[in-house]
Amino acid sequence: MSQVLTASVRAVAGKTKIPRRAALSLTQPAVSKVRDLLSQRPDSEAIRVGVRSRGCTGLTYTLDFANEKKKFDEVVKQDGVTIYIEMKAQMTLLGTEMDFVEDKLSSEFVFNNPNVTGTCGCGQSFMIESQASS
């Protein structure tokens, strides 16, 4: 499957690392964009979020269309849209807010992740505490 859109990471200072009720929460702009994307792909039932080892600082987010839940996917349902979180990404994303940001030059999903301890200059890759201490 192909990636949906690009995603950036923001280090969120001052947020605690206590997980919310869901592993991932979505802002209203993110819900609207996911709904729009899924309406254009009737064969897909959700967006799958994952992380991959890549980039300057170690990890990047991946976004793909999903037509079925995999065995160990975490399911997040919010306001009528479904997100599957790959098993490898579940601990990394605890307490994260997924947003969708548009400006004159770009539009992308942005993950406001309180677990991030460092990012690269371009904002495409990040590290978490376990990576920073190794």
Side-chain angles (χ1 to χ4, degrees):
M1 296 203 167
S2 61
Q3 284 190 326
V4 177
L5 292 171
T6 61
S8 293
V9 62
R10 291 187 185 157
V12 183
K15 283 207 171 188
T16 60
K17 295 184 182 183
I18 300 171
R20 300 180 195 163
R21 296 181 88 186
L24 179 73
S25 63
L26 287 81
T27 63
Q28 274 312 119
V31 168
S32 297
K33 187 61 179 181
V34 168
R35 185 176 291 123
D36 179 52
L37 290 169
L38 291 173
S39 73
Q40 297 171 33
R41 296 280 300 257
D43 60 321
S44 298
E45 63 185 47
I47 299 291
R48 181 171 285 112
V49 178
V51 294
R52 297 285 180 265
S53 296
R54 210 177 315 162
C56 314
T57 3
L59 297 171
T60 60
Y61 295 106
T62 61
L63 300 167
D64 293 310
F65 290 103
N67 55 9
E68 65 181 1
K69 178 189 174 295
K70 292 184 179 175
K71 184 175 182 178
F72 296 108
D73 283 350
E74 174 85 16
V75 179
V76 175
K77 291 185 179 213
Q78 183 179 323
D79 299 330
V81 299
T82 304
I83 303 290
Y84 296 151
I85 303 173
E86 292 178 349
M87 184 177 71
K88 181 180 174 183
Q90 290 172 12
M91 294 305 291
T92 304
L93 289 170
L94 280 175
T96 297
E97 176 188 73
M98 182 176 170
D99 194 9
F100 185 74
V101 178
E102 289 184 276
D103 62 30
K104 292 180 181 180
L105 299 175
S106 67
S107 60
E108 63 187 349
F109 286 103
V110 174
F111 291 85
N112 297 308
N113 187 337
N115 305 305
V116 169
T117 56
T119 62
C120 68
C122 68
Q124 297 301 310
S125 66
F126 63 95
M127 79 175 86
I128 57 173
E129 191 170 318
S130 63
Q131 288 178 296
S133 60
S134 54

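- Note that CE of Met98 is 11.0 Å distant from CG of Asn112, once rounded to the nearest 0.5 Å.
- For Ser106, the side-chain hydrogen bond (donor to acceptor under 3.5 Å, both in side chains) test picks out Asp103, with sequence neighbours left out.
- Residues passing the side chain to side chain contact (heavy atoms under 4.5 Å, CB included) test with Met91, sequence neighbours excluded: Leu94.
- With contacts defined as side-chain heavy-atom distances shorter than 4.5 Å, the pair Thr96/Leu93 qualifies.
- Atom CD of residue Glu108 and atom CG of residue Asp99 lie 10.0 Å apart, to the nearest 0.5 angstrom.
- Residue pairs meeting the side chain to side chain donor-acceptor pair (under 3.5 Å) criterion with at least one partner in residues 76-85, sequence neighbours excluded, are Glu45-Tyr84.
- Under the side-chain hydrogen bond (donor to acceptor under 3.5 Å, both in side chains) criterion, Gln40 pairs with Asp36, sequence neighbours left out.
- The side chain to side chain contact (heavy atoms under 4.5 Å, CB included) with Leu37 is formed by just one residue from the set Arg35, Lys33, Arg41; it is Lys33.
- Partners of Glu102 under the side chain to side chain contact (heavy atoms under 4.5 Å, CB included) rule, at least two apart in sequence or in another chain, are Phe100, Ser107.
- A donor-acceptor distance shorter than 3.5 angstrom exists from the side chain of Gln90 to the backbone of Phe72, with no hydrogens or angles considered.
- In this structure Glu86 satisfies the salt bridge (charged side-chain N to carboxylate O under 4.0 Å, His left out) test together with Arg52, sequence neighbours excluded.
- Under the 4.5 Å side-chain criterion, counting only non-hydrogen atoms from C-beta, Val51 is not in contact with Thr60.
- Residues Thr92 and Val116 form no side-chain contact, since every pair of their non-hydrogen atoms from C-beta on lies 4.5 Å or further apart.
- Here the side chains of Leu38 and Phe65 are in contact, with some heavy-atom distance below 4.5 Å.
- Between Asp43 and Asn67 the shortest heavy-atom distance is O-CB, 3.1 Å.
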field: Chi angles and distances behind the side chain to side chain contact (heavy atoms under 4.5 Å, CB included) call for Leu63, Phe111
entry: CA-CA 12 Å; Leu63 300 167; Phe111 291 85; 3.8 Å; yes
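- In this view, Ser32 satisfies the side chain to side chain contact (heavy atoms under 4.5 Å, CB included) rule with no residue, not counting sequence neighbours.
- Distance CD1/Ile85 to CD1/Ile47: 13.0 Å, rounded to 0.5 Å.
- Looking only at side-chain heavy atoms (C-beta outward), Ser44 and Glu68 stay at 4.5 Å or farther from each other.
- In terms of heavy atoms, Gly95 sits closest to Pro114 at O-CD, 3.5 Å.
- Not counting sequence neighbours, the partners of Lys70 by the side chain to side chain contact (heavy atoms under 4.5 Å, CB included) test are Arg48, Asp73.
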Side chain to side chain contact (heavy atoms under 4.5 Å, CB included) assessment of Ile83 paired with Val34: CA-CA 9 Å; Ile83 303 290; Val34 168; 4.2 Å; yes
